*Asks:* 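Here it is: the structure, laid out below.
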Amino acid sequence: MKGTPIIPPVCLSATYKFKNSDELIDVVQNRNGYLYSRWDNPTVVEAEKELALMEHYDKALGFSSGMAAITTAIISSVKNGDRIVSSRQVYGATFEFLNDYLPQLGVETTFVDCWDTDGFQRELAKGATVLYLESPTNPLLRVLDIAGLTSMAHDQDCLVFCDSTFASPINQHPSNYGVDITIHSATKYLGGHHDITAGFLCCNKNHYDQLWSYRKVLGGVMDPMTAMLAQRGMQTLALRINCQNQNALAIAKILDKHESIDAVYYPGLQSHPDYSIAKTQLTGFGGMMSFEVKGDFDTTKLFVDSLKVIKIATSLGGVSTLINQPITNTHVALTPENRSKAGIKENLVRLSVGVESLDKLIGDLKQALAKLKR
Ligand SMILES: *Cc1c(COP(=O)(O)O)cnc(C)c1O
(Lines give C-alpha, C1' and ligand atoms only; values in the text may rest on other atoms or scores of the structure.)
Protein backbone atom coordinates (compact mmCIF):
# COMPACT_ATOMS: atom_id res chain seq x y z
CA MET A 1 0.00 0.00 0.00
CA LYS A 2 1.22 3.50 -0.79
CA GLY A 3 1.14 6.30 1.75
CA THR A 4 2.53 6.35 5.26
CA PRO A 5 0.83 7.66 8.40
CA ILE A 6 1.29 11.35 9.22
CA ILE A 7 1.15 10.42 12.89
CA PRO A 8 3.76 7.99 14.22
CA PRO A 9 1.91 4.77 15.03
CA VAL A 10 1.59 3.91 18.71
CA CYS A 11 3.77 0.88 19.27
CA LEU A 12 2.34 -1.00 22.24
CA SER A 13 4.72 -3.92 21.86
CA ALA A 14 6.49 -4.72 25.13
CA THR A 15 9.06 -6.88 23.35
CA TYR A 16 10.58 -7.32 19.88
CA LYS A 17 11.34 -10.31 17.68
CA PHE A 18 14.50 -11.07 15.70
CA LYS A 19 15.35 -13.00 12.54
CA ASN A 20 17.94 -15.01 14.42
CA SER A 21 19.96 -15.10 17.63
CA ASP A 22 22.86 -13.11 16.22
CA GLU A 23 20.52 -10.21 15.46
CA LEU A 24 19.28 -10.21 19.07
CA ILE A 25 22.85 -10.40 20.40
CA ASP A 26 23.82 -7.45 18.19
CA VAL A 27 20.98 -5.30 19.61
CA VAL A 28 21.81 -6.22 23.22
CA GLN A 29 25.51 -5.50 22.74
CA ASN A 30 25.33 -2.41 20.54
CA ARG A 31 21.94 -0.95 21.48
CA ASN A 32 21.22 -0.37 17.80
CA GLY A 33 17.60 -1.54 17.90
CA TYR A 34 14.67 -2.42 20.11
CA LEU A 35 14.76 -5.31 22.57
CA TYR A 36 12.30 -4.56 25.35
CA SER A 37 10.13 -1.48 25.99
CA ARG A 38 11.60 -0.70 29.43
CA TRP A 39 14.84 -0.13 27.52
CA ASP A 40 13.47 1.77 24.51
CA ASN A 41 10.21 2.03 22.60
CA PRO A 42 9.73 3.62 19.14
CA THR A 43 6.80 5.83 20.20
CA VAL A 44 8.67 7.04 23.27
CA VAL A 45 11.74 7.71 21.11
CA GLU A 46 9.61 9.92 18.81
CA ALA A 47 8.51 12.06 21.77
CA GLU A 48 12.08 12.20 23.10
CA LYS A 49 13.43 13.41 19.75
CA GLU A 50 10.79 16.13 19.58
CA LEU A 51 11.66 17.50 23.02
CA ALA A 52 15.45 17.23 22.55
CA LEU A 53 15.11 19.40 19.43
CA MET A 54 12.96 21.96 21.22
CA GLU A 55 15.26 22.17 24.26
CA HIS A 56 18.51 22.21 22.21
CA TYR A 57 20.01 19.08 23.75
CA ASP A 58 21.40 15.97 22.03
CA LYS A 59 18.97 13.70 23.86
CA ALA A 60 15.83 13.42 25.96
CA LEU A 61 14.53 10.51 28.04
CA GLY A 62 10.84 9.88 28.73
CA PHE A 63 9.58 8.90 32.20
CA SER A 64 6.31 7.82 33.76
CA SER A 65 6.06 11.09 35.74
CA GLY A 66 8.00 14.23 36.51
CA MET A 67 8.99 12.70 39.84
CA ALA A 68 10.27 9.51 38.14
CA ALA A 69 12.48 11.73 35.99
CA ILE A 70 13.71 13.79 38.95
CA THR A 71 14.44 10.88 41.29
CA THR A 72 16.16 8.88 38.54
CA ALA A 73 18.39 11.84 37.63
CA ILE A 74 19.38 12.43 41.23
CA ILE A 75 19.97 8.79 42.18
CA SER A 76 22.07 8.27 39.06
CA SER A 77 24.36 11.16 40.01
CA VAL A 78 25.11 10.75 43.72
CA LYS A 79 26.62 8.15 46.03
CA ASN A 80 26.92 7.72 49.78
CA GLY A 81 28.78 10.68 51.28
CA ASP A 82 27.94 13.13 48.49
CA ARG A 83 26.31 16.48 49.04
CA ILE A 84 23.65 18.33 47.03
CA VAL A 85 23.05 22.07 47.10
CA SER A 86 19.47 22.89 46.21
CA SER A 87 17.22 25.88 45.93
CA ARG A 88 14.80 25.76 48.87
CA GLN A 89 11.92 26.80 46.57
CA VAL A 90 11.47 23.50 44.73
CA TYR A 91 8.43 21.35 43.96
CA GLY A 92 7.02 19.76 47.15
CA ALA A 93 7.79 16.13 46.30
CA THR A 94 11.30 17.08 45.15
CA PHE A 95 11.89 18.74 48.52
CA GLU A 96 10.55 15.65 50.29
CA PHE A 97 12.88 13.37 48.31
CA LEU A 98 15.96 15.51 48.94
CA ASN A 99 15.15 16.29 52.57
CA ASP A 100 13.56 13.07 53.89
CA TYR A 101 14.62 10.16 51.66
CA LEU A 102 18.14 10.87 50.39
CA PRO A 103 19.71 11.21 53.86
CA GLN A 104 18.80 7.53 54.37
CA LEU A 105 21.16 6.76 51.47
CA GLY A 106 23.89 8.92 52.98
CA VAL A 107 23.35 11.95 50.76
CA GLU A 108 22.78 15.30 52.47
CA THR A 109 21.16 18.31 50.82
CA THR A 110 21.76 21.92 51.85
CA PHE A 111 18.90 24.23 50.90
CA VAL A 112 19.52 27.85 49.96
CA ASP A 113 16.82 30.48 49.34
CA CYS A 114 16.69 30.91 45.58
CA TRP A 115 17.40 34.67 45.70
CA ASP A 116 20.48 34.27 47.97
CA THR A 117 23.36 34.29 45.45
CA ASP A 118 26.00 34.62 48.18
CA GLY A 119 24.47 31.65 49.97
CA PHE A 120 24.84 29.48 46.84
CA GLN A 121 28.44 30.65 46.37
CA ARG A 122 29.29 29.82 50.00
CA GLU A 123 27.64 26.39 49.93
CA LEU A 124 29.08 25.40 46.54
CA ALA A 125 32.57 26.36 47.72
CA LYS A 126 32.28 23.68 50.43
CA GLY A 127 31.99 21.07 47.66
CA ALA A 128 28.89 19.53 46.09
CA THR A 129 28.06 16.91 43.49
CA VAL A 130 24.82 18.42 42.23
CA LEU A 131 23.33 21.91 42.19
CA TYR A 132 19.55 21.54 41.94
CA LEU A 133 17.54 24.47 40.58
CA GLU A 134 13.92 25.11 39.65
CA SER A 135 12.82 28.26 37.84
CA PRO A 136 10.33 29.93 37.78
CA THR A 137 9.26 28.75 41.23
CA ASN A 138 5.93 27.67 42.64
CA PRO A 139 3.82 29.57 43.67
CA LEU A 140 5.54 32.98 43.87
CA LEU A 141 7.20 32.81 40.42
CA ARG A 142 10.68 33.71 41.60
CA VAL A 143 13.16 33.64 38.70
CA LEU A 144 16.66 32.33 39.41
CA ASP A 145 19.78 33.56 37.65
CA ILE A 146 20.40 30.23 35.88
CA ALA A 147 23.49 31.46 34.01
CA GLY A 148 25.19 32.87 37.12
CA LEU A 149 24.42 29.90 39.35
CA THR A 150 25.44 27.36 36.68
CA SER A 151 28.80 29.00 36.12
CA MET A 152 29.44 29.10 39.90
CA ALA A 153 28.67 25.36 40.10
CA HIS A 154 30.76 24.44 37.06
CA ASP A 155 33.74 26.30 38.58
CA GLN A 156 33.50 23.71 41.38
CA ASP A 157 33.02 20.75 38.99
CA CYS A 158 29.46 20.40 40.23
CA LEU A 159 26.67 19.14 37.95
CA VAL A 160 23.66 21.42 37.41
CA PHE A 161 20.05 20.22 37.16
CA CYS A 162 17.21 22.62 36.38
CA ASP A 163 13.48 21.91 36.59
CA SER A 164 12.11 24.12 33.83
CA THR A 165 8.50 22.87 34.00
CA PHE A 166 6.92 26.28 34.69
CA ALA A 167 8.69 27.92 31.73
CA SER A 168 8.22 25.15 29.15
CA PRO A 169 10.72 24.90 26.27
CA ILE A 170 9.05 27.90 24.63
CA ASN A 171 9.80 30.50 27.32
CA GLN A 172 13.21 29.35 28.56
CA HIS A 173 16.22 27.30 27.43
CA PRO A 174 18.42 26.15 30.32
CA SER A 175 20.77 24.63 27.70
CA ASN A 176 21.78 28.20 26.76
CA TYR A 177 23.39 28.54 30.19
CA GLY A 178 25.14 25.16 30.24
CA VAL A 179 22.69 23.34 32.52
CA ASP A 180 23.66 19.65 32.40
CA ILE A 181 20.21 18.13 32.89
CA THR A 182 16.96 19.98 32.21
CA ILE A 183 13.82 18.50 33.72
CA HIS A 184 10.17 18.72 32.65
CA SER A 185 7.03 17.40 34.23
CA ALA A 186 5.20 16.71 30.94
CA THR A 187 2.02 16.40 33.01
CA LYS A 188 1.95 20.18 32.73
CA TYR A 189 2.67 22.26 29.61
CA LEU A 190 4.15 19.59 27.31
CA GLY A 191 1.09 17.35 27.53
CA GLY A 192 -1.02 20.45 27.92
CA HIS A 193 -4.48 18.87 28.07
CA HIS A 194 -4.69 17.54 31.66
CA ASP A 195 -4.66 13.95 30.40
CA ILE A 196 -1.19 12.49 30.96
CA THR A 197 1.22 11.94 33.84
CA ALA A 198 4.74 12.06 32.42
CA GLY A 199 8.22 13.50 32.70
CA PHE A 200 11.39 14.08 30.69
CA LEU A 201 15.09 14.62 31.24
CA CYS A 202 17.09 16.46 28.59
CA CYS A 203 20.87 16.13 28.37
CA ASN A 204 23.82 15.94 26.02
CA LYS A 205 25.51 12.71 24.92
CA ASN A 206 28.00 12.73 27.81
CA HIS A 207 25.25 12.19 30.41
CA TYR A 208 22.88 10.05 28.35
CA ASP A 209 24.18 6.49 28.87
CA GLN A 210 24.18 6.76 32.65
CA LEU A 211 20.64 8.19 32.78
CA TRP A 212 19.46 5.55 30.31
CA SER A 213 20.93 2.72 32.41
CA TYR A 214 19.35 4.01 35.61
CA ARG A 215 15.98 4.44 33.91
CA LYS A 216 16.23 0.86 32.66
CA VAL A 217 16.94 -0.46 36.17
CA LEU A 218 14.68 1.82 38.23
CA GLY A 219 11.97 1.23 35.64
CA GLY A 220 10.16 4.58 35.58
CA VAL A 221 9.97 4.66 31.80
CA MET A 222 7.23 6.46 29.84
CA ASP A 223 4.54 4.27 28.30
CA PRO A 224 3.75 4.42 24.55
CA MET A 225 0.20 5.84 24.78
CA THR A 226 1.47 8.62 27.02
CA ALA A 227 4.36 9.23 24.63
CA MET A 228 1.92 9.66 21.76
CA LEU A 229 -0.13 12.19 23.77
CA ALA A 230 3.03 14.03 24.87
CA GLN A 231 4.23 14.19 21.29
CA ARG A 232 0.85 15.45 20.13
CA GLY A 233 0.89 18.07 22.88
CA MET A 234 4.29 19.29 21.74
CA GLN A 235 2.92 20.02 18.24
CA THR A 236 0.75 22.80 19.69
CA LEU A 237 3.07 23.86 22.51
CA ALA A 238 4.20 27.13 20.95
CA LEU A 239 0.62 28.09 20.03
CA ARG A 240 -0.65 27.34 23.51
CA ILE A 241 2.23 29.01 25.35
CA ASN A 242 2.01 32.18 23.26
CA CYS A 243 -1.70 32.39 24.05
CA GLN A 244 -1.09 31.66 27.75
CA ASN A 245 1.69 34.28 27.91
CA GLN A 246 -0.66 36.91 26.50
CA ASN A 247 -3.69 35.93 28.60
CA ALA A 248 -1.66 35.82 31.81
CA LEU A 249 0.07 39.16 31.28
CA ALA A 250 -3.27 40.86 30.60
CA ILE A 251 -4.88 39.23 33.65
CA ALA A 252 -1.91 40.10 35.91
CA LYS A 253 -2.15 43.77 34.91
CA ILE A 254 -5.88 43.90 35.61
CA LEU A 255 -5.61 42.12 38.97
CA ASP A 256 -2.69 44.36 39.94
CA LYS A 257 -4.96 47.40 39.74
CA HIS A 258 -8.05 45.76 41.28
CA GLU A 259 -9.22 47.15 44.63
CA SER A 260 -9.96 43.65 46.04
CA ILE A 261 -6.42 42.34 45.35
CA ASP A 262 -3.53 43.04 47.73
CA ALA A 263 -0.62 41.74 45.63
CA VAL A 264 0.08 39.98 42.34
CA TYR A 265 3.12 37.75 41.78
CA TYR A 266 3.87 37.58 38.07
CA PRO A 267 7.39 37.93 36.61
CA GLY A 268 6.06 40.13 33.80
CA LEU A 269 5.04 42.89 36.21
CA GLN A 270 7.62 45.56 36.96
CA SER A 271 6.74 45.23 40.65
CA HIS A 272 8.00 41.60 40.69
CA PRO A 273 11.36 41.32 42.51
CA ASP A 274 12.88 39.35 39.60
CA TYR A 275 11.45 41.40 36.74
CA SER A 276 14.85 42.39 35.35
CA ILE A 277 16.28 38.86 35.25
CA ALA A 278 12.95 37.54 33.94
CA LYS A 279 13.10 39.99 31.05
CA THR A 280 16.42 38.60 29.83
CA GLN A 281 16.09 34.93 30.77
CA LEU A 282 12.49 34.33 29.67
CA THR A 283 11.19 34.90 26.17
CA GLY A 284 7.65 34.94 27.58
CA PHE A 285 6.55 35.46 31.19
CA GLY A 286 4.41 32.31 31.24
CA GLY A 287 0.90 31.30 32.18
CA MET A 288 1.42 30.96 35.95
CA MET A 289 0.76 33.62 38.57
CA SER A 290 -0.37 33.96 42.13
CA PHE A 291 -2.11 36.76 43.99
CA GLU A 292 -3.43 37.72 47.40
CA VAL A 293 -7.10 38.51 47.80
CA LYS A 294 -7.91 41.35 50.20
CA GLY A 295 -9.21 39.54 53.27
CA ASP A 296 -8.70 36.28 55.16
CA PHE A 297 -8.79 32.60 54.16
CA ASP A 298 -12.60 32.47 54.08
CA THR A 299 -12.91 35.59 51.92
CA THR A 300 -10.39 34.05 49.53
CA LYS A 301 -12.35 30.80 49.52
CA LEU A 302 -15.55 32.73 48.72
CA PHE A 303 -13.78 34.31 45.73
CA VAL A 304 -12.49 30.94 44.49
CA ASP A 305 -15.87 29.27 45.00
CA SER A 306 -17.63 32.05 43.06
CA LEU A 307 -15.71 31.38 39.85
CA LYS A 308 -17.80 29.80 37.10
CA VAL A 309 -15.40 29.29 34.17
CA ILE A 310 -12.14 28.82 36.07
CA LYS A 311 -11.93 25.40 37.72
CA ILE A 312 -10.77 24.58 41.25
CA ALA A 313 -7.96 22.07 40.83
CA THR A 314 -4.32 21.42 41.54
CA SER A 315 -1.82 20.96 38.67
CA LEU A 316 -1.17 23.44 35.90
CA GLY A 317 -0.10 24.05 32.35
CA GLY A 318 -3.12 22.77 30.44
CA VAL A 319 -5.68 24.34 28.15
CA SER A 320 -8.16 24.98 31.01
CA THR A 321 -7.60 27.72 33.54
CA LEU A 322 -7.17 26.23 37.02
CA ILE A 323 -7.12 27.93 40.42
CA ASN A 324 -6.33 26.81 43.94
CA GLN A 325 -5.31 28.05 47.36
CA PRO A 326 -1.75 26.74 47.97
CA ILE A 327 -2.28 26.32 51.73
CA THR A 328 -5.08 23.83 51.07
CA ASN A 329 -3.05 21.48 48.86
CA THR A 330 0.47 22.04 47.52
CA HIS A 331 1.66 23.72 50.74
CA VAL A 332 -0.68 22.03 53.23
CA ALA A 333 2.20 20.22 54.96
CA LEU A 334 3.96 23.44 55.96
CA THR A 335 3.58 24.64 59.56
CA PRO A 336 2.19 28.19 59.86
CA GLU A 337 5.71 29.33 60.75
CA ASN A 338 7.35 27.75 57.69
CA ARG A 339 4.50 29.00 55.55
CA SER A 340 5.12 32.56 56.63
CA LYS A 341 8.88 32.10 56.07
CA ALA A 342 8.06 30.90 52.53
CA GLY A 343 5.84 33.94 52.01
CA ILE A 344 2.72 31.84 51.44
CA LYS A 345 -0.21 33.65 53.03
CA GLU A 346 -3.68 32.35 53.82
CA ASN A 347 -5.17 34.67 51.18
CA LEU A 348 -2.84 33.49 48.39
CA VAL A 349 -4.31 31.87 45.29
CA ARG A 350 -2.42 30.33 42.38
CA LEU A 351 -3.74 30.65 38.87
CA SER A 352 -2.72 28.52 35.89
CA VAL A 353 -3.99 30.46 32.90
CA GLY A 354 -5.34 28.41 30.01
CA VAL A 355 -6.23 29.18 26.41
CA GLU A 356 -9.86 30.24 26.87
CA SER A 357 -10.85 33.64 25.48
CA LEU A 358 -9.38 36.44 27.54
CA ASP A 359 -12.74 38.23 27.88
CA LYS A 360 -14.33 35.14 29.35
CA LEU A 361 -11.52 34.76 31.93
CA ILE A 362 -11.49 38.41 32.93
CA GLY A 363 -15.28 38.46 33.19
CA ASP A 364 -15.19 35.43 35.46
CA LEU A 365 -12.50 36.87 37.76
CA LYS A 366 -14.31 40.23 37.98
CA GLN A 367 -17.71 38.77 38.83
CA ALA A 368 -16.15 36.61 41.56
CA LEU A 369 -14.22 39.56 43.02
CA ALA A 370 -17.42 41.66 42.99
CA LYS A 371 -18.99 39.11 45.38
CA LEU A 372 -16.48 40.11 48.06
CA LYS A 373 -17.78 43.64 48.46
CA ARG A 374 -21.21 42.61 49.74
C1 LIG B 1 4.25 18.80 38.76
C2 LIG B 1 5.68 19.14 38.94
C3 LIG B 1 6.63 18.14 39.18
C4 LIG B 1 6.28 16.68 39.35
O5 LIG B 1 5.75 16.16 38.18
P6 LIG B 1 4.73 14.88 38.16
O7 LIG B 1 4.50 14.69 36.72
O8 LIG B 1 3.53 15.28 38.96
O9 LIG B 1 5.45 13.76 38.82
C10 LIG B 1 7.96 18.52 39.30
N11 LIG B 1 8.32 19.82 39.19
C12 LIG B 1 7.43 20.79 38.97
C13 LIG B 1 7.90 22.20 38.87
C14 LIG B 1 6.08 20.50 38.84
O15 LIG B 1 5.19 21.47 38.63
Side-chain angles (χ1 to χ4, degrees), residues 44 47 51 55 60-75 84 86-99 101 109 111 114 130 132-144 146 160-172 174 179 181-202 215 218-223 225-227 229-230 233-234 237 241 244 248 265 267 282 286-290 313-318 320 322-324 326 329-333 342 344 350-354:
V44 177
L51 181 62
E55 273 294 25
L61 296 102
F63 288 85
S64 55
S65 68
M67 286 314 301
I70 290 166
T71 52
T72 302
I74 293 171
I75 288 178
I84 295 174
S86 173
S87 167
R88 187 182 300 281
Q89 288 73 29
V90 290
Y91 184 72
T94 306
F95 185 85
E96 202 177 327
F97 181 67
L98 293 171
N99 194 58
Y101 296 2
T109 299
F111 294 95
C114 66
V130 171
Y132 192 93
L133 307 176
E134 180 178 315
S135 183
T137 68
N138 177 36
L140 297 177
L141 286 306
R142 296 301 303 246
V143 179
L144 285 72
I146 300 174
V160 181
F161 295 5
C162 180
D163 183 336
S164 194
T165 298
F166 269 43
S168 90
I170 305 301
N171 286 338
Q172 170 173 287
V179 167
I181 298 177
T182 287
I183 300 160
H184 284 284
S185 166
T187 312
K188 318 296 167 55
Y189 286 105
L190 296 177
H193 295 76
H194 318 279
D195 56 7
I196 60 170
T197 301
F200 284 103
L201 298 175
C202 307
R215 182 182 66 174
L218 296 177
V221 72
M222 185 179 278
D223 85 86
M225 278 303 292
T226 299
L229 291 170
M234 285 187 259
L237 186 64
I241 296 288
Q244 284 160 319
Y265 302 95
L282 298 168
M288 297 302 299
M289 76 181 72
S290 56
T314 194
S315 198
L316 60 111
S320 298
L322 306 181
I323 197 161
N324 73 69
N329 57 106
T330 51
H331 293 74
V332 72
I344 298 176
R350 188 187 77 177
L351 188 69
S352 168
V353 178

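Everything numeric in this text was worked out from a predicted model, so none of it was measured. Both ligands and their constituent atoms are indexed starting at 1 by order of listing.
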*Asks:* For atom 5 (O) of ligand 1, which protein heavy atom lies nearest, and how many Å away is it?
*Replies:* S185 OG, 3.0 Å
*Asks:* So, the side chain of Q244 versus the backbone of V353: is there a donor-acceptor pair under 3.5 Å, distance only?
*Replies:*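 Present.
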*Asks:* Answer yes or no: is there a donor N or O on one side and an acceptor on the other, between the side chain of S185 and the main chain of G199, under 3.5 Å?
*Replies:*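 Looks like no, no N/O pair under 3.5 Å.
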*Asks:* Counting each atom of ligand 1 from 1 as listed, which ones have a heavy atom of T187 under 4.0 Å away?
*Replies:* 6 (P), 7 (O)
*Asks:* Any atoms of ligand 1 less than 4.0 Å from a non-hydrogen atom of A198? List them with their elements.
*Replies:*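 Ligand 1 atoms under the 4.0 Å threshold to A198: 7 (O).
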*Asks:* Does the Q89 side chain pair with the main chain of C114, one donor and one acceptor, at a distance under 3.5 Å?
*Replies:* yes
*Asks:* N/O of D163 under 3.5 Å from N/O of ligand 1, yes or no?
*Replies:*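 D163 vs ligand 1: N/O contact under 3.5 Å present.
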*Asks:* State whether the side chain of E134 and the backbone N or O of S87 hold a donor-acceptor pair below 3.5 Å, judged by distance alone.
*Replies:* no
*Asks:* For atom 6 (P) of ligand 1, which candidate among P136, S164, G66 holds the nearest heavy atom?
*Replies:*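 Considering heavy atoms of P136, S164, G66, the nearest to atom 6 (P) of ligand 1 sits in G66.
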*Asks:* Can you tell me which portion of S315 lies within the under-4.0 Å heavy-atom range of ligand 1? Options are side chain, backbone, both, or neither.
*Replies:*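 It is neither part, as no heavy atom is under 4.0 Å.
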*Asks:* Quiz question: by atom type and distance under 3.5 Å, do the side chains of N171 and S168 form a donor-acceptor pair?
*Replies:*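 There is no such pair between these side chains.
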*Asks:* Has the side chain of T226 got a donor or acceptor atom that lies under 3.5 Å from a matching backbone atom of I196?
*Replies:* no
*Asks:* Is there a donor-acceptor pair under 3.5 Å between the side chain of S65 and the backbone N or O of T197?
*Replies:*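 No, S65 side chain to T197 backbone: no donor-acceptor pair under 3.5 Å.
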*Asks:* Under 3.5 Å, is there a donor-acceptor pair linking the side chains of T182 and E55?
*Replies:* no
*Asks:* Quick one: look up the protein heavy atom nearest atom 8 (O) of ligand 1 and list residue, atom name and how far away it is.
*Replies:* Y91 OH, 3.9 Å
*Asks:* Within the structure, does K188 bring an N/O atom to less than 3.5 angstrom of an N/O atom in ligand 1?
*Replies:*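 Checking ligand 1 against K188, an N or O pair does fall under 3.5 Å apart.
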*Asks:* Heavy atoms only, cut-off 4.0 Å: how does I70 contact ligand 1, side chain, backbone, both, or neither?
*Replies:* side chain
*Asks:* Who's the nearest protein heavy-atom neighbour of atom 9 (O) of ligand 1, and how far?
*Replies:* M67 N, 2.8 Å
*Asks:* Closer than 4.0 Å to some heavy atom of E134 - which atoms of ligand 1 meet that?
*Replies:* 13 (C)
*Asks:* Does the N or O separation between T94 and ligand 1 drop below 3.5 Å for any pair?
*Replies:* no
*Asks:* By number and element, which atoms of ligand 1 are closer than 4.0 Å to a non-hydrogen atom of F166?
*Replies:*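 Heavy-atom distances to F166 below 4.0 Å select 15 (O).
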*Asks:* Is V130 close to T109 at the side-chain level, that is, under 4.5 Å between some pair of heavy atoms?
*Replies:* no
